[in-house]
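Below is one structure; the comments refer to it alone.
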Amino acid sequence: MKWNSFSKSAKQPPNLTKLQWFPNSQYKTVHYGFIFPNLPAPLHYFNFLTLLGVPNIPVLQNSSVISTTELDTALVFTSCSLNHQSCLQTYSIQDESEQTLDYVHFAEDIKIIKGYKNLQLIKKNSELQFELNIQLRGPRYKNYPINLGVAERWLCPVNMQGTLHHKQQHYEIESMGLFSYARTIQLPFSNWYFYTRQIVHAEHWQFIFYQIRNRFNQVIHSKLIIFDLHQQKTQVYTRDVELEIIRVYPKVITPDGLSMYLPREFMWNIQHPNLQLQLIATARGDYKFGFGAGYVGSFHYQLKFNQKYYQAEAGYCEYVDCRALKWQEMGHFEKEILLNSVHELACQPLKTPK
């Protein structure tokens with residue numbers, strides 16, 4: 001088992017004033033977002049996620065909200081555990097979005113005021129309104145999954161404080177969180193049919209779990225990133241990062257018309273020579289649909305991390321499952337037989353007609 005030790009990423013956060021906030025002639029898709037788990041009840045978590053230019057990836061497709069074209073569409077998703085409906089807003093990048101050296105605007109609803117290593121995030125005219133002051137901090141994990149400037153992704157811890165309004169309620173909030181950023185050129189179809197990202201905090205540690213699968217349920221990518229905020233270091237594990245969905249709720253039809261099972265209990269397990277980690281989670285049921293073809297929500301969890309035990313009420317989860325329902329309905333033995341058949345077929349030499 002291979003262990004990737006401390007990342008060589010810069011320990012300093014990026015300069016926000018020089019960040020690419022909108023698509024351009026090279027990078028057709030841009031994502032940035034803020035996630036804050038471990039908020040007190042009844043909030044539990046808060047997120048602000050954007051996708052500017054919708055790529056040709058099944059887990060990110062939501063055709064019902066595209067009014068112009070995929071590359072002209074800006075999606076902004078904000079949610080918390082409260083019972084609110086207006087999570088997803090759609091804007092035309094050309095007609096309803098604006099940026100200057102100092103700020104980013106989406107219509108009259110959302111404004112991002114940029115500083116060097118800090119920003120203000122403001123949303124008005126909505127069921128869920130907020131004004132947050134966010135400070136970036138190190139370390140930063142950078143990932144270039146494809147070379148030659150095709151794609152870039154990175155993560156950076158942040159501190160946040162501010163106010164949130166929902167109906168007649170007012171909340172003063174303060175939390176540690178995560179800033180995620182990605183940009184890519186216009187890629188052809190990507191075979192991503194299952195995606196999840198889950199985040200938990202324990203003391204001065206941040207844990208970010210990822211898994212991506214294709215339509216045949218084969219794991220494309222499974223990763224654990226650990227930020228040590230005291231020592232300003234990052235640990236990255238890409239082997240034997242195992243996810244098990246233990247129980248699911250009955251099948252539902254999502255707002256974009258897809259059928260999927262919602263995870264009720266799940267577990268992450270990583271056993272390496274210098275890391276023993278197990279996360280056992282139970283979904284709270286506060287599913288907020290509209291994140292791509294899936295949902296965002298929170299969960300209770302128990303975490304075992306190198307002989308220490310943690311328990312908390314507000315882990316964070318993004319979850320999209322576009323696989324055929326047969327994958328969830330099949331038993332383990334049936335899945336193995338079908339996967340072996342697919343593998344054998346793929347390995348056969350091509351035959352040319354005589």
Side-chain angles (χ1 to χ4, degrees), residues 1-7 35 37-38 45 59 141 143 145 155 178 180 192-214 216-229 233-249 260-285 294-321 323 327-336 338-340:
M1 291 182 290
K2 182 180 179 182
W3 175 67
N4 296 327
S5 62
F6 297 132
S7 169
I35 300 159
N38 281 6
Y45 78 92
V59 295
Y141 170 71
N143 180 25
L155 302 170
L178 189 73
S180 62
W192 293 12
Y193 280 79
F194 173 87
Y195 163 87
T196 188
R197 175 170 67 169
Q198 295 160 25
I199 302 171
V200 299
H201 293 171
E203 295 181 345
H204 59 280
W205 306 92
Q206 283 186 329
F207 302 87
I208 304 103
F209 301 84
Y210 288 95
Q211 190 169 105
I212 298 168
R213 292 175 177 254
N214 64 19
F216 298 112
N217 202 40
Q218 297 167 310
V219 175
I220 298 174
H221 189 62
S222 197
K223 178 185 288 187
L224 168 64
I225 301 168
I226 305 175
F227 285 134
D228 181 345
L229 302 181
K233 293 182 178 179
T234 308
Q235 300 173 15
V236 183
Y237 299 84
T238 56
R239 292 196 178 181
D240 302 306
V241 180
E242 300 174 354
L243 169 64
E244 179 184 356
I245 306 299
I246 302 171
R247 287 200 300 164
V248 297
Y249 285 103
M260 65 182 290
Y261 289 98
L262 305 180
R264 186 171 184 175
E265 294 181 10
F266 54 88
M267 177 175 67
W268 291 90
N269 190 59
I270 302 97
Q271 299 297 322
H272 282 219
N274 47 2
L275 174 69
Q276 292 78 47
L277 184 146
Q278 185 179 70
L279 175 73
I280 301 176
T282 303
R284 175 169 281 104
Y295 76 88
V296 165
S298 64
F299 54 84
H300 317 271
Y301 66 89
Q302 295 177 325
L303 173 67
K304 179 183 178 183
F305 174 50
N306 287 348
Q307 308 307 315
K308 293 189 70 174
Y309 293 85
Y310 303 92
Q311 184 171 333
E313 296 296 312
Y316 172 82
C317 179
E318 299 166 357
Y319 191 95
V320 186
D321 193 351
R323 300 170 297 173
W327 289 117
Q328 293 93 317
E329 296 164 353
M330 280 183 178
H332 178 74
F333 182 67
E334 294 174 292
K335 291 180 182 179
E336 288 295 324
L338 186 54
L339 281 175
N340 289 337

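Worth knowing before you read on, the calculation uses all heavy atoms, side chains too, and leaves out hydrogens, waters and symmetry mates.
Distance check: R197 CZ to Y316 OH gives 6.0 Å after rounding to the nearest 0.5 Å. Remark: E242 CD to W268 CH2 distance equals 10.5 Å, nearest 0.5 Å. Expressed to the nearest 0.5 Å, how far CD of E265 lies from OG1 of T282 amounts to 4.5 Å. With rounding to the nearest 0.5 Å, the separation of OH in Y45 from CG in N38 is 14.0 Å. Of the inter-residue distances, the one linking I199 atom CD1 with L155 atom CG reads 8.0 Å to the nearest 0.5 angstrom. The distance from atom CD1 of I270 to atom CZ of F209, rounded to the nearest 0.5 Å, is 5.0 Å.
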Under the side-chain contact (heavy atoms from CB on, under 4.5 Å) criterion, do D240 and Q271 qualify, and how do the steps go? CA-CA 7 Å; D240 302 306; Q271 299 297 322; over 6 Å; no
So I226 and F305, side-chain contact (heavy atoms from CB on, under 4.5 Å) or not? Walk me through it. CA-CA 11 Å; I226 305 175; F305 174 50; 4.2 Å; yes
Could you walk me through whether L303 and Y309 pass the side-chain contact (heavy atoms from CB on, under 4.5 Å) test, one step at a time? CA-CA 6 Å; L303 173 67; Y309 293 85; over 6 Å; no
Let me see the working for Y319 and F194 under ring pair (Phe, Tyr, Trp, His ring centres under 6.0 Å), right down to the final yes or no. CA-CA 8 Å; Y319 191 95; F194 173 87; 5.2 Å; yes
Decide side-chain contact (heavy atoms from CB on, under 4.5 Å) for I246 and M267; before the verdict, give the C-alpha distance in whole Å, the side-chain angles of both, and the deciding distance to 0.1 Å. CA-CA 7 Å; I246 302 171; M267 177 175 67; 4.0 Å; yes
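For F207 and F227, the gap between ring centers reaches or exceeds 6.0 Å.
The shortest distance between side-chain heavy atoms of V200 and F299 falls below 4.5 Å. A 4.5 Å side-chain heavy-atom check between Q198 and F266 finds at least one atom pair inside the cut-off.
Applying the side chain to side chain contact (heavy atoms under 4.5 Å, CB included) rule to Q302 yields the partners Q311; only residues at least two apart in sequence or on another chain are considered. Checked against salt bridge (Lys or Arg N to Asp or Glu O under 4.0 Å), E313 has the following partners two or more places apart in sequence or in another chain: R284. Shown here are the salt bridge (Lys or Arg N to Asp or Glu O under 4.0 Å) partners of R264, two or more places apart in sequence or in another chain: there are none.
Of the listed residues (L277, T238, I208), just one forms a side-chain contact (heavy atoms from CB on, under 4.5 Å) with L224, and that residue is L277.
Closest of all the heavy-atom pairs between P263 and A283 is O-CB, 3.4 Å. Considering every non-hydrogen atom in both A314 and P37, the closest pair reads O-CB, 3.5 Å. When all heavy atoms of Q211 and L243 are compared, the pair lying nearest together is NE2-CB, 3.6 Å.
In terms of modelled atom types and a separation under 3.5 Å, the side chain of H272 and the main chain of R239 share a donor-acceptor contact. When atom types are taken as modelled, the side chain of N214 and the backbone of W192 share no donor-acceptor pair closer than 3.5 angstrom. Put simply, the side chain of T196 gets close to the backbone of E318: a donor and an acceptor are under 3.5 Å apart.
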